[in-house]
> 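Right, I'll just put the structure down here and ask away after.
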Amino acid sequence: MSQMTPEQISFFLQFIHLEKLFGNFPGASDQNIAPIFGLDAVRYQQIRDGFKENARVAAEAMLAEPDFADLVDRLPFASDSTILAVGDSVTDDDQSWLEILRHLLNIRRPGNQMQIINAGVSGDSTTHVISRFSELTSSEPDWILFMIGLNDARRHGSAPEKTLVSLDETGKNLDELRRFAIAQTKAELVWMTPPTLIEQKVSEFWLFNAMQTCWTNTDVDAVAQLIKQLPDQVVDVNSTFGLPPSPELLLEDGLHPSLEGQKVIAGALVETLAGRAS
């Protein structure tokens, strides 16, 4: 990591949170994680805090928009709700839609007792989530917000012939996750489709080239169509981003939403759930 540029290190820190993977191991602290990225604990935390501050500022900007605060006030979350978000790097992002939602609720409902749990793990597919679902449900969530499937559509190798998880298996995994959630919790379920991407930027990005990974909108849309068939509440981020998506909605890698893109995702979630509550 010490040979990477500061920008590359920041990119990793935005999306990769080793404490989620090794939090139960002795010594999984900032002081011990920071050197993995070639940083001291202070600089490590400064970078992480910067992204979190971006999420707070984004929430304030959204609340300044006409009528948006009213939508946030109408969200159907009880004041003592536990809200669990399950996903991949789009959720794991320190300035993700969920972190923006956290600030929206804290600003509009000061003193609330809500517990918002970001259980997104970068790189996760629906198969990964199944493998740790019992751990997730131990929080006894009142709401589970699923934004998973982008990595099911990931392809590997110089000339890939299949996605990481076949479309048929993704469908079965989604059904299994839903069955687990209904059997093991009393949570309201919300599903969010993965966003569209800019394929050329994905193909040119240094990290994806090094890992020999790629995505296509065709594959991502196929996963989105499966999610839209689920009988619960669905937030169609895929359609909201559009095809092709506006470049301002994505980072330079063409895959991960920018802060503006994360605001769009948070806004779509709020509008969908507030409409449901009306």
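Residue numbers start at 1 and run along the sequence shown. Since this is a predicted model, take the numbers as computed values, not measurements.
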> From M192 CE over to T91 OG1, what is the distance, rounded to the nearest 0.5 angstrom?
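Separation between the atoms: 7.0 Å.
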> Could you state the interatomic distance from CZ (R155) to CD (E161), rounded to the nearest 0.5 Å?
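The CD atom of E161 is 9.0 Å from CZ of R155, to the nearest 0.5 Å.
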> What residues form a salt bridge (Lys or Arg N to Asp or Glu O under 4.0 Å) with R108, not counting sequence neighbours?
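Scan of R108 (salt bridge (Lys or Arg N to Asp or Glu O under 4.0 Å), adjacent residues dropped) gives D73.
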> Search all heavy atoms of T137 against all heavy atoms of P141 and return the closest pair with its distance.
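Distance-wise, the nearest heavy atoms are O-CD, 3.8 Å.
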> What distance do M114 atom CE and L75 atom CG have between them, rounded to the nearest 0.5 Å?
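It comes to 8.0 Å.
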> Listed by chain and number, what are the side-chain contact (heavy atoms from CB on, under 4.5 Å) partners of A266, not counting sequence neighbours?
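side-chain contact (heavy atoms from CB on, under 4.5 Å) check on A266 returns M62, W97, I100.
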> Where the side chain of S258 meets the backbone of G261, is there a donor-acceptor pair that is under 3.5 Å apart?
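The answer is yes, because a donor-acceptor pair under 3.5 Å joins these two groups.
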> Do any pairs count as a ring pair (Phe, Tyr, Trp, His ring centres under 6.0 Å) and have a residue in residues 102-124, sequence neighbours left out, and if so which ones?
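Sorted result for residues 102-124: empty, none.
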> Quick check against the 3.5 Å criterion: does E204 have a side-chain atom that pairs as donor or acceptor with the backbone of V202?
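Looks like no, no N/O pair under 3.5 Å.
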> How long is the span from the CD1 atom in I33 to the CD atom in E19, to the nearest 0.5 Å?
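One finds 5.0 Å between CD1 of I33 and CD of E19.
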> Would T170 and D152 count as having a side-chain donor-acceptor pair, cut-off 3.5 Å?
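Present: a donor and an acceptor within the cut-off.
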> Is V129 close to L136 at the side-chain level, that is, under 4.5 Å between some pair of heavy atoms?
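Yes. Closest side-chain heavy atoms under 4.5 Å.
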> What residues form a salt bridge (Lys or Arg N to Asp or Glu O under 4.0 Å) with D70, not counting sequence neighbours?
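Salt bridge (Lys or Arg N to Asp or Glu O under 4.0 Å) list for D70, sorted by chain: R74.
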> Is there a chain of hydrophobic side chains (I, L, V, M, F, W, Y, each step under 4.5 Å between heavy atoms) that links L207 to I36?
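Yes.
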> L230 versus D175: any side-chain heavy-atom pair under 4.5 Å?
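Result yes, sub-4.5 Å side-chain heavy-atom pair found.
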> Can you list the residues that meet the side-chain contact (heavy atoms from CB on, under 4.5 Å) rule with D142, with sequence neighbours excluded?
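D142: side-chain contact (heavy atoms from CB on, under 4.5 Å) contacts with S81, T82.
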> Over all heavy atoms of both residues, which pair between K52 and Q45 is shortest? Give the atoms and the distance, please.
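For K52 and Q45, the tightest heavy-atom pair comes out as NZ-NE2, 4.3 Å.
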> Using the side-chain contact (heavy atoms from CB on, under 4.5 Å) rule, take F77 and N112 through it: C-alpha gap first, then chi angles, then the decisive distance, then the call.
CA-CA 10 Å; F77 304 133; N112 74 74; over 6 Å; no
> If a pair satisfies ring pair (Phe, Tyr, Trp, His ring centres under 6.0 Å) and one of its residues is in residues 39-65, list it, with sequence neighbours excluded.
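The answer is none; no pair qualifies.
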> Does the pair I116 and N118 meet the rule for a side-chain contact (heavy atoms from CB on, under 4.5 Å), with working shown?
CA-CA 7 Å; I116 300 178; N118 190 333; over 6 Å; no
> Report the distance from atom CD of E7 to atom CD of E252, rounding to the nearest 0.5 Å.
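One finds 8.5 Å between CD of E7 and CD of E252.
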> Provide the closest heavy-atom pair for H156 versus M211 in the form atom of the first, atom of the second, distance.
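Answer, listing the atom of H156 first, then M211: ND1-O, 4.4 Å.
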> Do the side chains of P244 and I198 get nearer than 4.5 Å, heavy atoms only?
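No - every pair of side-chain heavy atoms lies 4.5 Å or more apart.
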> Using a 3.5 Å distance criterion without hydrogens, assess whether the side chain of S10 forms a donor-acceptor pair with backbone atoms of P6.
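Answer holds: yes.
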> Identify, with sequence neighbours excluded, every residue that meets side-chain hydrogen bond (donor to acceptor under 3.5 Å, both in side chains) alongside D94.
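Once residues adjacent in sequence are excluded, the partners of D94 under the side-chain hydrogen bond (donor to acceptor under 3.5 Å, both in side chains) criterion are H17, R48.
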> Please check this pair: side chain of K20 against backbone of S122, looking for a donor-acceptor N/O pair closer than 3.5 Å.
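No.
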> Check for a donor-acceptor pair, side chain of Q14 on one end and backbone N or O of I47 on the other, with a separation under 3.5 Å.
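Checking the backbone N and O of I47 against the side chain of Q14, no donor-acceptor pair under 3.5 Å is found.
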> According to a hydrophobic-cluster definition based on side-chain heavy atoms being under 4.5 Å apart (Ile, Leu, Val, Met, Phe, Trp, Tyr only), do L243 and L255 belong together?
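No, separate clusters.
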> Do L150 and R154 come within less than 4.5 Å of each other through their side chains, counting heavy atoms only?
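Sidechains of R154 and L150: no contact.
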> Just grab all the ring pair (Phe, Tyr, Trp, His ring centres under 6.0 Å) pairs involving residues 213-236, residues at least two apart or on different chains.
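Matches after skipping sequence neighbours: F208-W215.
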> Could you tell me whether K201 atom NZ has more than 12 heavy atoms of other residues or ligands within 6.0 Å of it?
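Yes - once you tally the heavy atoms of other residues, nucleotides and ligands closer than 6.0 Å, there are more than 12.
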> Does S166 use its side chain to pair, donor to acceptor, with the backbone of E169 at less than 3.5 Å?
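A pair under 3.5 Å: yes.
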> For the side chain to side chain contact (heavy atoms under 4.5 Å, CB included) test, which of L63, L101, I107 pairs with V72?
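That would be L63; it is the only one of L63, L101, I107 passing the side chain to side chain contact (heavy atoms under 4.5 Å, CB included) with V72.
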> With sequence neighbours left out, what residues match D221 under salt bridge (Lys or Arg N to Asp or Glu O under 4.0 Å)?
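Applying salt bridge (Lys or Arg N to Asp or Glu O under 4.0 Å) to D221 gives none.
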> How would you list all residue pairs meeting ring pair (Phe, Tyr, Trp, His ring centres under 6.0 Å) that involve residues 178-199, not counting sequence neighbours?
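Those involving residues 178-199 are F133-F180, F146-W191.
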> Can you tell if the side chain of P194 reaches within under 4.5 Å of the side chain of V90, non-hydrogen atoms only?
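P194 does not reach V90 side chain to side chain.
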> Report yes or no: do L13 and W206 belong to one cluster of Ile/Leu/Val/Met/Phe/Trp/Tyr joined by side chain heavy-atom distances under 4.5 Å?
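Yes; tracing contacts between hydrophobic side chains, which count when under 4.5 Å, links both residues.
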> What about M4 and F15, same hydrophobic cluster or not, with Ile/Leu/Val/Met/Phe/Trp/Tyr joined at side-chain heavy-atom distances under 4.5 Å?
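Yes; tracing contacts between hydrophobic side chains, which count when under 4.5 Å, links both residues.
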> Can you confirm whether more than 12 heavy atoms, excluding those of E140, are under 6.0 Å from its CD atom?
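Atom CD in E140 is not crowded, with 12 or fewer foreign heavy atoms closer than 6.0 Å.
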> Might you point out which heavy atoms bring P257 and D93 nearest each other, and give the distance in Å?
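That closest heavy-atom pairing would be O-OD2, 4.2 Å.
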> For residues I148 and I182: do they belong to one hydrophobic cluster (side chain heavy atoms under 4.5 Å, members Ile, Leu, Val, Met, Phe, Trp, Tyr)?
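Yes: a chain of side-chain contacts under 4.5 Å links I148 to I182.
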> Contact between P195 and L249 at the side-chain level, heavy atoms closer than 4.5 Å - yes or no?
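No, side chains not in contact.
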> Would you sort out whether H128 and S131 count as a side chain to side chain donor-acceptor pair (under 3.5 Å), showing the intermediate values?
CA-CA 5 Å; H128 291 101; S131 70; over 6 Å; no
> List, by chain and number, the other hydrophobic cluster members for L164, where Ile, Leu, Val, Met, Phe, Trp and Tyr join if side-chain heavy atoms come within less than 4.5 Å, directly or indirectly.
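Same cluster as L164: V165.
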> Please report the interatomic distance CG(D232) to CD(E188), rounded to the nearest 0.5 Å.
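Here the rounded value is 9.0 Å.
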> Decide yes or no on side-chain contact (heavy atoms from CB on, under 4.5 Å) for F241 and L197, but give the supporting numbers first.
CA-CA 9 Å; F241 266 49; L197 52 100; over 6 Å; no
> According to side-chain contact (heavy atoms from CB on, under 4.5 Å), who are the partners of K228, at least two apart in sequence or on a separate chain?
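For K228 the side-chain contact (heavy atoms from CB on, under 4.5 Å) partners, ignoring immediate neighbours, are T193, Q225, V234, D236, S239.
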> Could you check whether any side-chain heavy atom of R109 comes within less than 4.5 Å of a side-chain heavy atom of S79, counting everything from C-beta outward?
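They are not in contact (no side-chain heavy atoms under 4.5 Å apart), so the answer is no.
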> If you take all heavy atoms of Q31 and P35, which pair is closest and at what distance?
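Where Q31 meets P35 most closely, the heavy atoms are O-CD, 3.1 Å.
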> Ignoring hydrogens, what is the shortest heavy-atom contact between V223 and L167? Give both atom names and the distance.
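For V223 and L167, the tightest heavy-atom pair comes out as N-CD1, 4.0 Å.
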> For the pair I83 and L105, evaluate side-chain contact (heavy atoms from CB on, under 4.5 Å) and give the outcome as yes or no after the intermediate values.
CA-CA 12 Å; I83 303 168; L105 292 170; 4.3 Å; yes
> For E176, does the CD atom have more than 12 heavy-atom neighbours from other residues, nucleotides or ligands under 6.0 Å away?
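Result for CD/E176: enclosed.
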> Is the side chain of E199 donor-acceptor paired with the backbone N or O of N217 at a distance under 3.5 Å, no angle test?
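Flag set: sc E199 to bb N217 pair under 3.5 Å.
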